[in-house]
Amino acid sequence: MVENKWFLKDAIVDTGMCTLCGACAAVCPYDLIRFDENGPYLKDECYRNGEGACKDVCQRVMTDASRIALNTFNFKAKPPSVLGQYEKIVSARATDEALAEKGQDGGAVSSLIAYCMDKGLIDGAITTAGFAKPAANIIGKREEITTSQGAKYSTVPLLSTLRNEKDNFNKVAVVGTPCQTYGVRRMQYFNGLNVHPVEKGMDGEFANNPTIEYTIGLFCMENFNYHKLSDFLEKQGIKLNDIKKYSIQLDEMIITTDEKNIEISLKDLQDCVWDGCKICRDAVSKVADISAGSSGSSKGWTTLIARNAKGLKLLNDANEAGYIEISNEVDIEMTKELAQFKMRKFRHELDKRLNSEEKVSYYWVRDYPGVRPEAKGTNFVKIKTDSGITTYKYLEKVAKLAEKYGDGTLEMTTRKSIEIQGVPGENIDDLMAEIYAEGLKTIGMGYATACPGMDYCPEGLVSTKELANKLTMHFAQKLTPHKMKVGIAGCPNSCVRVREHDIGIMGQLRPVIDETKCTGCGRCTELCKFNAISIEGKKAVINRDLCGNCGWCVRGCPHEAALEDKRGYSLWIGGNGARRPTEGVLIKSFCDEEEIIETINDIARAFIKYRTDPGKERLGNIMDKIGQGTFIKEILKN
């Protein structure tokens, strides 16, 4: 039998990295991916030689969590932490007795799904059903919720169920393990990660997935290979059809049947653990809208972590509507210990694989902002400066980290950050921990760069570094996923090439002639770079159509007759020097900082509104497509 060529088989499945999340099958327009006890495989030859959308969305190739987080957390992503980012943590349980009785830890998750269905927020939910033989399941009716309640602890290609369900379900919620939530996010945001559109089939067909409206992630220490687990239980005399509930408490699995509870040490089940689970590092579903699990709450209650605005609203609305009751009595330290314990297990497994010289996919390195893989298999880490300004102590810290964790080399980038080069994947966690501990900052692509400005350059008309840092804090995360570069020049010399940036900001000074002081000596005409000044009737006259507002005449007039009338920033948009270069156009003159920030907000909104081809369109390309006038009118109407 000829084996079909498939990138994921060689890189992920055969190396024991696959989590069986099913995202690869969900996005394949050809429906080529199937699953057996060993994981996914191709049933037929792939038209793209095994390197299509499946590779793009595989969270074990790369989670890309730092950029996914920008979308998940509405561009307010923070550095990784042991529990991940969140808005609120509570204990909760269902008020519906049937849901509470059959549900895991009080049925809070089931109640959230019930609320979403009753209020028309979703028309289906993707869950895992069945204790004897767990399988992916789509709930289409409220009364079906009880069929999927309870933890299953078996790996199931949950997301594969989404494929071709758009005709049956428009909006769905997904309830899954951490790896499945990463798969969901890769599917949702791949278009918006500045990569390229999702794959279409030979006849233009899509995989036809419904919209994933809510992502509810479950706490998870590890899951089991169903075939190995069922064999083990049957050898222990446990009939699968008799199982009513699974739960894991500390180091034991507790199996509930009609007759009794059976306790099994997790150590005895280690051979049944799915290989990809052993090298998982997220116990608490850090990129979900809401995460849920027993750790931190009393028996019969669920710990709910609302991670973003959407999750917080769902939690509060379900509580106010009486679907759940909540308590603030949560042992957060216990939940942290769960997360830390999983990281320790992950590190142990990583060291074991490295010592055995097994192939490892460093899928987690881009959980951190500013980390990118290098061509040679290592990574660089981008350290932020204050738009090029830093101190010798800051540089000293960076240099020491480069020697300790990288190959000892540093690169000064064109956008004024410092890259630590040659960092092996196994060093990333320790390096990033020291970076944060030392007060250093990392940053991805897309923040403002600036010339020295008036604080350092005698020709500068405005302050640039302070504005650049302000815009970086305000917009770096928001603009990064959309590939939008900002350049700030202190004067019309435009050393940073303002017209070649998506957003260009330039200092300008409008001169005016005091005729009572002007002698017509002509010094200003010699200094003017734009030939905008002439001497008429022994007085200097400025041609406003030619004047570049550079301020040289004001600076150089020996009689102080050329005076400053107005000073501020000009704003240019639409430039880029990339694959499809465009030149920026002037839209505003003599802006202040507050006006610049407001206008950039408007630009970002219009950009997203008119963008149709993510990953292929920069701001200038969209302006050319819809017309510069239309776009500019859109952003200036406010």
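If you're wondering where the values come from, they're calculated on a predicted model, not measured in any experiment.
Remark: the backbone N or O of Ile68 is paired with a side-chain donor or acceptor of Thr72 at under 3.5 angstrom.
Applying the side-chain hydrogen bond (donor to acceptor under 3.5 Å, both in side chains) rule to Thr303 yields the partners Ser297; only residues at least two apart in sequence or on another chain are considered. By the side-chain hydrogen bond (donor to acceptor under 3.5 Å, both in side chains) test, Arg344 is found to be paired with Glu337, residues two or more places apart in sequence or in another chain being considered. For the ring-ring contact (aromatic ring centres under 6.0 Å, His included) test, no residue two or more places apart in sequence or in another chain qualifies with Trp6. Contacts of Asp105 classified as side-chain contact (heavy atoms from CB on, under 4.5 Å), with partners at least two apart in sequence or in another chain: Ser294, Thr302. Not counting sequence neighbours, the partners of Tyr362 by the ring-ring contact (aromatic ring centres under 6.0 Å, His included) test are Trp364. Scanning for side-chain contact (heavy atoms from CB on, under 4.5 Å) contacts around Val496 gives Cys451, Ala489, Val498, with sequence neighbours left out. Scanning for side-chain contact (heavy atoms from CB on, under 4.5 Å) contacts around Asn209 gives Ala26, Val27, Leu162, Arg163, Met187, Ala207, with sequence neighbours left out. Residues passing the side-chain contact (heavy atoms from CB on, under 4.5 Å) test with Arg497 are Glu500, sequence neighbours excluded. Listed by chain and number, the residues in a ring-ring contact (aromatic ring centres under 6.0 Å, His included) with Tyr368 amount to none (sequence neighbours excluded).
Atoms CD1 and CD1, from Ile216 and Ile126 in turn, are 12.0 Å apart once rounded to the nearest 0.5 Å. Within the model, atoms CG of Leu304 and CD1 of Ile89 stand 10.0 Å from one another, a figure rounded to the nearest 0.5 Å. Note: Lys485 NZ to Asp502 CG = 8.0 Å, rounded to the nearest 0.5 Å. Atom CD1 in Ile389 sits 8.5 Å away from atom OG1 in Thr464 (nearest 0.5 Å). For the atom pair Phe607 CZ and Ile600 CD1, the distance stands at 14.0 Å (nearest 0.5 Å). Summarising the geometry, atom OG1 belonging to Thr385 is positioned 11.5 Å from atom CG belonging to Leu440; distances are rounded to the nearest 0.5 Å.
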Working for salt bridge (charged side-chain N to carboxylate O under 4.0 Å, His left out), residues Lys376 and Asp407: CA-CA 12 Å; Lys376 56 186 177 182; Asp407 62 13; 3.1 Å; yes
Derivation of the side chain to side chain contact (heavy atoms under 4.5 Å, CB included) call for Ile503 and His501: CA-CA 5 Å; Ile503 298 172; His501 280 77; 5.7 Å; no
Salt bridge (charged side-chain N to carboxylate O under 4.0 Å, His left out) between Lys336 and Glu333, intermediate numbers included: CA-CA 5 Å; Lys336 287 182 179 179; Glu333 292 304 314; 3.6 Å; yes
Side chain to side chain contact (heavy atoms under 4.5 Å, CB included) between Glu263 and Met253, intermediate numbers included: CA-CA 6 Å; Glu263 298 177 356; Met253 174 182 280; over 6 Å; no
Side chain to side chain contact (heavy atoms under 4.5 Å, CB included) between Gln188 and Arg185, intermediate numbers included: CA-CA 5 Å; Gln188 285 179 314; Arg185 296 309 192 192; 2.8 Å; yes
Candidate pair Ile383 and Ile443, rule side chain to side chain contact (heavy atoms under 4.5 Å, CB included), full reasoning: CA-CA 6 Å; Ile383 307 295; Ile443 192 164; over 6 Å; no
Working for salt bridge (charged side-chain N to carboxylate O under 4.0 Å, His left out), residues Glu593 and Lys470: CA-CA 9 Å; Glu593 292 185 2; Lys470 186 178 294 186; 2.7 Å; yes
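Using a 4.5 Å heavy-atom threshold, the side chains of Leu471 and Ile488 count as touching. Between Ile290 and Leu112 the shortest side-chain heavy-atom distance falls below 4.5 Å. Side chains of Asp289 and Thr215 form a contact here, defined as non-hydrogen atoms less than 4.5 Å apart. The shortest distance between side-chain heavy atoms of Ile326 and Lys88 falls below 4.5 Å. Residues Ile418 and Leu395 are in side-chain contact: their nearest non-hydrogen atoms beyond the backbone lie under 4.5 Å apart. Between Leu158 and Val174 there is a side-chain heavy-atom pair separated by less than 4.5 Å. With contacts defined as side-chain heavy-atom distances shorter than 4.5 Å, the pair Leu20/Phe35 qualifies. Residues Tyr182 and Cys21 form no side-chain contact, since every pair of their non-hydrogen atoms from C-beta on lies 4.5 Å or further apart.
Counting all heavy atoms, side chain and backbone alike, Ile33 lies closest to Cys28 at CD1-CB, 4.2 Å. For the residue pair Thr177 and Cys220, the shortest heavy atom distance occurs at CG2-SG, 4.2 Å. In plain terms, the two heavy atoms of Ser291 and Arg307 that are nearest each other are OG-NE, 2.7 Å. Across Gln180 and Val156, no two heavy atoms sit closer than the pair NE2-O, 3.2 Å. Among all heavy-atom pairs drawn from Asn38 and Asp36, the shortest one is N-OD1, 2.8 Å. Contact detail for Leu338 and Met221: the closest heavy-atom pair is CD1-CE, 3.1 Å.
Considering Glu466, Lys465, Arg415 in turn, Lys465 is the only one that fulfils the side chain to side chain contact (heavy atoms under 4.5 Å, CB included) rule with Ser387.
Among pairs with a residue in residues 416-429, those fulfilling salt bridge (Lys or Arg N to Asp or Glu O under 4.0 Å) read Arg281-Asp429, Lys382-Glu419, at least two apart in sequence or across chains. Among pairs with a residue in residues 391-406, those fulfilling side-chain hydrogen bond (donor to acceptor under 3.5 Å, both in side chains) read Lys404-Glu434, Tyr405-Glu434, at least two apart in sequence or across chains.
Open room surrounds NE2 on His348; 12 or fewer heavy atoms of other groups in view lie less than 6.0 Å from it. Counting heavy-atom neighbours within 6.0 Å of Lys441 NZ, excluding the residue itself, gives a total of 12 or less. Open room surrounds CD on Glu357; 12 or fewer heavy atoms of other groups in view lie less than 6.0 Å from it. The number of heavy-atom neighbours closer than 6.0 Å to CD of Glu329, taken from other residues, nucleotides and ligands shown, is 12 or below.
Under the 6.0 Å distance and 45° angle rule, Arg60 counts as a cation-pi partner of Tyr363. Both tests pass for Lys310 against the ring of Tyr214: distance under 6.0 Å to the centre and angle within 45° of the axis.
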Donor-acceptor pairs under 3.5 Å, side chain of residues 268-276 to any protein atom, not counting sequence neighbours: which ones?
unit_1, atom_1, unit_2, atom_2, d
Gln270, NE2, Glu222, OE2, 3.3
Gln270, NE2, Leu266, O, 3.2
Trp274, NE1, Cys18, O, 2.7

